[in-house]
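Taking it in order: structure first as structure tokens, then the write-up.
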Amino acid sequence: MSIIIDGKAISKRIRESIKRKVDECKMNGLIPNLSVVLVGEDPASKVYARNKQKACKEVGIKSTVVKLEENTSEQELLEIIYRLNQDNTIHGILVQLPLPNHIDEKRIINAIDLSKDVDGFHPMHSGMLMNGQAILEPCTPKGIIRLIEETKQNIEGKNAVVIGRSNIVGKPVAIMLLQKNATVTIAHSRTENLAKLASTADILVVAIGKPRFIDRNYVKEGAIVIDVGITSVNGALVGDVDFDDVKEKAGYITPVPGGVGPMTITMLLENTLIAAKGAI
Ligand code: GUN
């Protein structure tokens, strides 16, 4: 039987500490302020944006959602970003993804002022992460590392397999695990014999967006299993890992919901605080 890594409880503890630091900032006349830009009507994005605002409120961070029509042009969106870049009262800018197809996501992300890129998606931040100089790290990978650290198991020298190679989760989390001296393999949809590879992992991070894809045949006895997937199936949120099948075999496992999800938002709050303090 594995130990469940309770992302919700861990988040709660970290958010309490963030709240204390936000209070200190406020006593010094600094009100940390996040601007969330939401374009269009994607239902999931609306929920994410609302959850981010709610979390900000809980810790005392000011936040506003800039809500734009689906047909907003790329140029209009760029001009809004430039305005937010120049606004000294705003410390963090987050453009909720995905954007409508007619807008080039890369161009928009590249336009965000580096010091306000609390998502850590700007290519300069990716480069800094690569060199071990990261200041604003992407939120989901940062949260995953914290969850692994919570197990108090050594990362150094362990085999880590990351399934998924996205720019926002798979690649950065692999780099972070490498920096902690794990031996890291990145697997993806074209990887041959995935189960054989995954079952060598002491640390298995799964971010593929395929509900319950990973069963016990992919998992080494005693492994730390981090499930990043979150898909709505018949109204329920389901991870990439078949939790019930894997839970007897893994040493530690994150649930869905209540694992990685709350940590992503918590790391966004932490990044907003870092940006507000002008540490970058
Ligand atoms: N869409 C899904 N996840 C994220 C995220 O972490 N940040 C942003 N900006 N958009 C997302």
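We number each residue from 1, following the sequence as shown. Just follow the structure's listing: the first ligand is 1, and inside any ligand the first atom is 1.
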Asn181 side chain to Lys158 side chain, donor-acceptor N/O pair below 3.5 angstrom: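 Result is no, nothing qualifies.
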Contact bool for atom 3 (N) of ligand 1 (protein heavy atom, d < 4.0 Å): no
What protein heavy atom sits nearest [atom], and how far off is it?
atom                    : answer
atom 8 (C) of ligand 1  : Asp119 OD2, 3.4 Å
atom 1 (N) of ligand 1  : Leu97 O, 2.9 Å
atom 11 (C) of ligand 1 : Gln96 NE2, 3.3 Å

Non-hydrogen side-chain atoms of Lys220 and Lys249 separated by less than 4.5 Å: no
Lys62 side chain reached by Pro32 side chain, heavy atoms, under 4.5 Å: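 Contact flag for Pro32/Lys62 side chains = no.
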Contact partition for Leu268 relative to ligand 1, non-hydrogen atoms under 4.0 Å: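 Neither part.
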Atom indices of ligand 1, in the order listed, that fall short of 4.0 Å to a heavy atom of Val95: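 Counting atoms of ligand 1 from 1, those under 4.0 Å from Val95 are 8 (C), 9 (N).
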Ligand-side contact atoms (ligand 1) for residue partner Leu94, heavy atom cut-off under 4.0 Å: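 Within the 4.0 Å cut-off of Leu94, ligand 1 contributes 9 (N).
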Thr140 to ligand 1, any heavy atom closer than 4.0 Å: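 Heavy atoms of Thr140 never come under 4.0 Å of ligand 1.
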Pairing of Glu156 and Lys180 as salt bridge, 4.0 angstrom limit: no
Lys/Arg-Asp/Glu bridge criterion (N-O < 4.0 Å) met for Glu270, Lys21: no
Spacing of OH belonging to Tyr82 relative to CG belonging to Leu77, to within rounding of 0.5 Å: 10.0 Å
